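What follows is one structure encoded as structure tokens, with my remarks underneath.
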Amino acid sequence: MSNRPPYEAPTPEGRFGDYGGRFVAETLSHALDELTRLYAEVSADPDFHRELMKELGDYVGRPTPLYCAERLAAHAGGARIYLKREDLNHTGAHKINNTVGQAMLASRMGKTRLIAETGAGQHGVATATVAARLGLECRVYMGAEDIARQSINVYRMKLLGAEVAPVNSGSRTLKDAMNEAMRDWVTNVEDTHYIIGSVAGPHPYPMLVRDFQAVIGVEARAQCLEAEGRLPDLLVACVGGGSNAMGLFHPFVDDDGVDMVGVEAGGEGLATGRHAAPLNAGIPGVLHGSRTYLMDDADGQINETHSISAGLDYPGVGPEHAYWKDLGRARYTSVTDDEALGAFRVLNRTEGIMPALESSHAVAWALDEAARRPAKDLIIVNLSGRGDKDIHTVAGIDGIEV
Amino acid sequence: MSRLGERLHALRGEGRKALNTYVVAGDPHPEVTVPALHALVRGGADMIELGVPFSDPEAEGPAIQAGMERALRHRVSLAGTLDMARAFRTDDVDTPIILMGYLNPFLRMGYDVFCERAAAVGVDGVIAVNLPPEEAVDFRTSLSAQGMDLVLLVAPTTTVERAAYIASEASGFIYYVSYRGVTGAHRADAEAVAARLDELRSVAAELPVLVGFGIKDGPSAARIAPHADGVVVGTVLVETMGEGAAADIPGRLEAQVREIRQALDAA
């Protein structure tokens, strides 16, 4: 054990080192103060925790398995690989861990309306789901381009009773959906709670989304100890905003022997500029309420990003990941669209598991890394979501109409 | 006292209300901006708020978003905005100019570099929409080193205690946002504004309070003016910038501002 004090972030002002904070229009300051206060209150409330665990068990279906993927590991040839099966959650991704928790906060605040931004639609579906469960009104903002490439999730949200609002400004993707959700929240802050879907945005969101997602890492850590009698050597997760990665990583932060790698969307390759990898190729700036690594131009205008996976197609990243990059607590790398697609196919064929294209980025990097490591090494990959929503995209690449 | 402070002080002395007018730099075309700024002054504007185009203007309604997109098509950003301020200053050394925008372009240029360049071209202050006072210490330090003001916003949701804190951190004036929402969404509700402004004045000490959001024409300006030191008009001017032939934008802007000026003076 090292002598360093246990990890503690953020500060009361929401800072993770130089990152994070609260860079918002004044109209929202009060709502963010209220949310911070309420969250501090419920964090110390055993009843809230009990109720949350019951919801995660009975409704979401937790705990999710930590699955030993033997044929996948044999394909790589090297280290052993475990998959944390967040794809088996209700609605098919890790996103619902957070929406269940935030919806409980919204109810305590007496809010009657939920809004959310969504890229791939997983967070939108997860928000629409908890809204239906609690009888709350729900509006989900989604870029027009993402609506076109994620039509199944759009229809799912509508079936759940949510209104899907297309966003036609800017690049018509996730960042623009987030702008529009902020505009809605500024207007309707009295009766509306904004469920941000990632560890991004103004304080307290990066902290509270992390805490709600930390159930992933808490379970994985105990499951690994149970199955192997020891901690893993390496954790791997994809990073768009970074909620599934932070959820897996955070409970291991003080375990010095556990390495962590976040995999960003390399798109067509970092050298082409057509990617969504701010931790690899960006610099610190301010967007959507926090200071973090961003993809912007020399004038400070936010760049359009590219990724085959709508859920990673975002020019910023959660501020705690920015902090960890600088600290060296986690490493951040990237894989291309093609590499992610390759891993998507391999996991289907070797394990009978169809990963989301987002999660396929983590699988792709883990396969390469496993091949470089000895058989005694243990790798946990966060399989953050299932790939049904991406069938149209993959089929399109294969030239098949489904 | 800064050029901005002097202007507001003088207006108060004369018992006149300040008319602050907003357009986006480079909208609809970089060549239109400087003539448009002079037209605002001819129409009766006391000061100019020059919008710095940004790709992700999260507090703006559709009209100003569209104005920023028009400007960005010509690649006008913070450096271009400063060029326009400089060009305006060659013919007008009196009218205060405040740059209004989002933080990232300022951050990217660097606070100190920006402040030196802005002071050199005759900019008087900055409003950064997504910069609450808690995060503003560094920028304010750089700005005040160059004698420029940092204008802060107060919203309908701001508590009195917080408004007092904001007032203690602000300079130039306090910008009171008249309603919850994005720019251009509603009309300002004079009664609701009046109630809040009395309270705000009690904590703002000497700092003037200008009201923006929802002031669209002479009548709406005249209803708000008795409760404030002045008003800010933006969305309706940006709509004018986006319509019709570029050549007659200055003329139409001037007439639009004059109507508001006359209503303010008669109020």
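Values below: every heavy atom of this structure, side chains too, minus hydrogens, waters and symmetry copies. Only a predicted model underlies this, so the values are computations on that prediction, with no experimental measurement involved. So you know, we letter chains A, B, ... as the sequences are listed, proteins then strands, and number each from 1.
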*Side chain, backbone, both or neither: which part of A:Asp297 has a non-hydrogen atom closer than 4.5 Å to chain B?*
both
*Determine the option with the most heavy-atom pairs under 4.5 angstrom with chain A, choosing from B:Leu107, B:Leu152, B:Asp56, B:Val177.*
B:Asp56
_Let me confirm one number: the OH-CG distance from B:Tyr102 to A:Leu287, rounded to the nearest 0.5 Å._
11.5 Å
*Compare all side-chain heavy atoms of B:Arg162 with those of A:Glu26 and state whether any distance is below 4.5 angstrom.*
yes
*Okay, side chain of A:Gln301, backbone of B:Pro53: is any donor-acceptor separation there less than 3.5 Å?*
yes
*Below 4.0 angstrom, N of the basic side chain to O of the carboxylate: do A:Lys175 and B:Glu58 qualify?*
no
*Heavy-atom pair count under 4.5 Å with chain A, highest-scoring of B:Thr158, B:Asn130, B:Ile166*: B:Asn130
*Which bit of B:Glu69 is near chain A, if near means a heavy-atom gap under 4.5 Å: side chain, backbone, both or neither?*
side chain
*If you count the non-hydrogen atoms of other residues, nucleotides and ligands that lie under 6.0 Å from CD in B:Glu31, is the total more than 12?*
no
*Greatest number of heavy atom pairs closer than 4.5 Å to chain A - which of B:Phe106, B:Phe54, B:Tyr179*: B:Phe54
_Residue part contacting chain B, namely of A:Ile302, when any heavy atom lies under 4.5 Å_ = both
_What part of A:Arg22 gets within 4.5 angstrom of chain B, counting heavy atoms only: side chain, backbone, both, or neither?_
both
*So which of A:Met178, A:Glu190, A:His30 has the largest heavy-atom pair count under 4.5 angstrom toward chain B?*
A:Glu190
*With a 4.5 angstrom heavy-atom cut-off, which part of B:Leu131 approaches chain A: side chain, backbone, both or neither?*
both
*Look up atom CG in A:Asn168 and atom CD in B:Gln65, then write down how far apart they are to the nearest 0.5 Å.*
11.0 Å
*With rounding to the nearest 0.5 Å, note down the distance linking CG in A:Leu32 to OG1 in B:Thr157.*
10.0 Å
_What part of B:Arg180 gets within 4.5 angstrom of chain A, counting heavy atoms only: side chain, backbone, both, or neither?_
both
*asked:* Counting only heavy atoms from other residues, nucleotides and ligands, does the tally under 6.0 Å from CZ of B:Arg86 exceed 12?
replied: no
*asked:* Heavy-atom cut-off 4.5 Å, strictly under: side chain, backbone, both or neither for B:Leu72 against chain A?
replied: side chain
_With chain B as the partner, which of A:Val189, A:Asp33, A:Asp176, A:Thr187 has the greatest number of non-hydrogen pairs under 4.5 Å?_
A:Thr187
*Would you name the heavy atoms of A:Val186 and B:Val182 that are closest together and state the gap between them?*
CG1-N, 4.3 Å
_Under 4.5 Å from any heavy atom of chain A - which part of B:Thr159_ = side chain
*Against chain A, label B:Pro62 side chain, backbone, both or neither, depending on which of its atoms sit under 4.5 Å from a heavy atom there.*
neither
_If I compare all heavy atoms of A:Phe23 with all of B:Pro132, which pair ends up nearest, and what's the gap?_
CA-CD, 4.0 Å
*In Å and rounded to the nearest 0.5 Å, what is the CG to CG distance from B:Asn104 to A:Leu294?*
5.5 Å
_From CD1 (A:Ile283) to CZ (B:Arg108), nearest 0.5 Å_ = 3.0 Å
*asked:* A quick test of your reading: do over 12 heavy atoms of other residues, nucleotides or ligands sit less than 6.0 Å from CD of B:Glu206?
replied: no
*Heavy-atom proximity to chain B below 4.5 Å, by part of A:Ala298*: backbone
